[in-house]
Amino acid sequence: MEAQLNSCRSMVENPCSACMPLGAILPFKGIRNAMVIIHGSQGCSTYMRRHLSEHYNEPIDVASSSINEKGTIYGGADNLKKGLDNLIKVYQPDLIGVLTTCLAETIGEDIEHNAAEYLAERGWANYPLVTVPTPGYGGSHSEGYFLAVKRVLEQLSDSTYKHNRLNLIVPNLSPADVREIKRIMDLMGLSYILFPDYSETLDSPFSHPYRKIAEGGTGLSDLKSMAGSAATIQMGVCVEDSISPGKFLESAFGVPLYTIPIPMGIEATDGFIKLLQELSGKKIPPVLERERGRLLDCMIDSHKYNAEGRAVIFGEPDLALAATRTCLENGISPQVVATGAHSRMLHMLVEQVVRGATETVAVLDESDFSGIRQIAKERSTNIAIGHSDGRYLTEREGIPLVRLGFPIHDRVGGQRLLSVGYTGTIMFLDRITNTLLEHKLNGYRQTMLNEYYSGASNGGAL
């Protein structure tokens, strides 16, 4: 099996990703008592709030500088300062992320200068105001996510904090996935700083009275001390060095970096736990060994059904790669692997994991669903794995969709989908197997009937 890279199209129809500032919001939701303001038009922040709220089923507060026609011509600095004043008055956050949009970047807004000027005018020299340039045309939501994580560390890191804890940087996973990763770290008896930690803030328990900012997240003191950690584990092998938070900590402060794939599937989860064992010198607890055994049992139970699977996999680069590896482990044949982000690493890594198989895999970079749909149809795929924008594959081609990643807007519980670790992989494989079985059982009678009449018309025995 080989990976064939298909060049991106000159025109995008129904994109396979969201915009850069939307992804950059998420890391700030993983910081304790933090808020975000979008420097741009009111419509941009409204769209992002709705998009995030529909996935996480939580109230997502995002402020806006509300640049109008006047601000577009004369500059939006005054709007930004007024917006920051109102945000601080209402929410009293410990940190604010300032993100830009297409409008702010196109008219040449210098948010670093605006932020510094604002703090000087208010006499708040040490207030953490983190600026992130995120025009919608600058990249996908995946790239915005990692750029925001890097910018937080660039502007807050302090190497005077020396300690023996590990840094753990996670990509855009579900809150349930983040909780599972924390559970594994705790079972291994490790002391760590996880960033961003939105395991509670984007999947918070019901509470009364209502809190404007949900409890949870990585604290400011922990963020500052990440420059003095013993090592960094970054889940994200497709992340470019230019936006890699772990690479920044390594180059700026000498923190050793271990880059690993998302621990999904048996090989990747084994690798994650083995790395934790090597860094800590501790034994693997029996509970994780039992969970690994259950995953093996799950794979034995389901591989005979999954061997009929021909998958089209799409989403953020690292999650698409993780799903591809997991499918290959259980006999599912990936036919198309696609991402809407710019990620040449995805092609190289898919080529490595599919080596030795019998069929080629089409890898799509900066793709849209028009292109994904066309190739998925040509390759006779019978299952799709990715976020809910791929429902068009079901509606137009009859390919059933197993939902994974962000966003999930047509189902409830996207924030609670567990797919990582041994336990999460079991749940993920069960979702795939049951979808394949349902699709087969719903149509097998018609298939048999078609084959019967086809044989009869060709002179076969009735």
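Within 6.0 Å of the NZ atom in Lys377, the count of heavy atoms belonging to other residues, nucleotides or ligands does not exceed 12. Within 6.0 Å of CD on Glu215 lie no more than 12 heavy atoms contributed by other residues, nucleotides or ligands. The number of heavy-atom neighbours closer than 6.0 Å to CD of Glu289, taken from other residues, nucleotides and ligands shown, is above 12. Summarising the local packing, CZ of Phe253 is surrounded by more than 12 heavy atoms from other residues, nucleotides or ligands at distances under 6.0 Å. Other residues, nucleotides and ligands place no more than 12 heavy atoms under 6.0 Å from the NZ atom of Lys283. For Tyr258, the OH atom counts as loosely surrounded, since its 6.0 Å shell holds 12 or fewer non-hydrogen atoms of other residues, nucleotides or ligands.
Residue pairs meeting the salt bridge (Lys or Arg N to Asp or Glu O under 4.0 Å) criterion with at least one partner in residues 316-336, sequence neighbours excluded, are Glu267-Arg325.
In summary, Asp197 and Arg32 do not engage in a salt bridge, as defined by a charged side-chain N under 4.0 Å from a carboxylate O. We find that Glu291 and Arg183 are joined by a salt bridge, their nearest charged nitrogen and carboxylate oxygen being less than 4.0 Å apart. Looking at Arg344 and Asp365, a side-chain N of the basic residue comes within less than 4.0 Å of a carboxylate O on the acidic one, giving a salt bridge. Between Asp270 and Arg292, at least one side-chain N (NZ, or NE/NH1/NH2) sits under 4.0 Å from a carboxylate O, which counts as a salt bridge.
Judged purely by distance below 3.5 Å, without hydrogens or angles, the side chains of Tyr192 and Asp186 pair a donor atom with an acceptor atom. A donor-acceptor contact closer than 3.5 angstrom links the side chains of Asn167 and Ser229. In this model, no donor atom of one side chain and acceptor atom of the other lie less than 3.5 Å apart for Asp368 and Ser370.
Rounded to the nearest 0.5 Å, atoms NZ (Lys150) and CD1 (Ile243) are 8.5 Å apart. Interatomic distance, CG of Leu26 versus CE of Met48, reported as 11.0 Å (0.5 Å rounding).
Under the 3.5 Å distance criterion, the side-chain polar atoms of His141 are left unmatched by any main-chain donor or acceptor of Leu22. Of the possible polar contacts, one joining the Asp177 side chain to the Ser419 backbone as a donor-acceptor pair under 3.5 Å is found. With hydrogens and angles ignored, the 3.5 Å screen pairs no side-chain donor or acceptor of Thr134 with any backbone N or O of Leu99. The backbone N or O of Thr435 lies less than 3.5 Å from no partner atom in the side chain of Glu438, so there is not a single donor-acceptor pair. A donor-acceptor pair is defined here as one N or O able to donate and one able to accept, closer than 3.5 Å; no such pair exists between the side chain of Ser45 and the backbone of Ile38. Distance alone, capped at 3.5 Å, is enough to place a donor-acceptor pair between the Gln415 side chain and the Tyr56 backbone. Counting only distance, with no hydrogens or angles, the side chain of Glu58 and the backbone of Ser204 share a donor-acceptor pair below 3.5 Å. Looking only at distances, a side-chain donor or acceptor of Ser251 sits under 3.5 Å from a matching main-chain atom of Phe248. Between the side chain of Ser199 and the backbone N or O of Arg179, no donor-acceptor pair lies under 3.5 Å.
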Gln234/Ser244 under side chain to side chain donor-acceptor pair (under 3.5 Å): CA gap, chis, key distance, verdict: CA-CA 9 Å; Gln234 179 172 292; Ser244 169; 3.2 Å; yes
Candidate pair Asn306 and Asn330, rule side chain to side chain donor-acceptor pair (under 3.5 Å), full reasoning: CA-CA 7 Å; Asn306 291 341; Asn330 207 225; 2.5 Å; yes
Working for side chain to side chain donor-acceptor pair (under 3.5 Å), residues Thr394 and Arg391: CA-CA 5 Å; Thr394 305; Arg391 64 188 180 276; over 6 Å; no
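Taking the ring-ring contact (aromatic ring centres under 6.0 Å, His included) definition, one finds that Phe369 meets it with Phe314, His387, sequence neighbours left out. Looking at residues two or more places apart in sequence or on another chain, you find no side-chain hydrogen bond (donor to acceptor under 3.5 Å, both in side chains) involving Asp389.
Using cut-offs of 30° and 60° for the angle between ring planes, the His51 and Tyr47 rings count as tilted.
Pro27 has its side chain out of reach of Val152: every pair of non-hydrogen atoms, C-beta onward, lies at least 4.5 Å apart.
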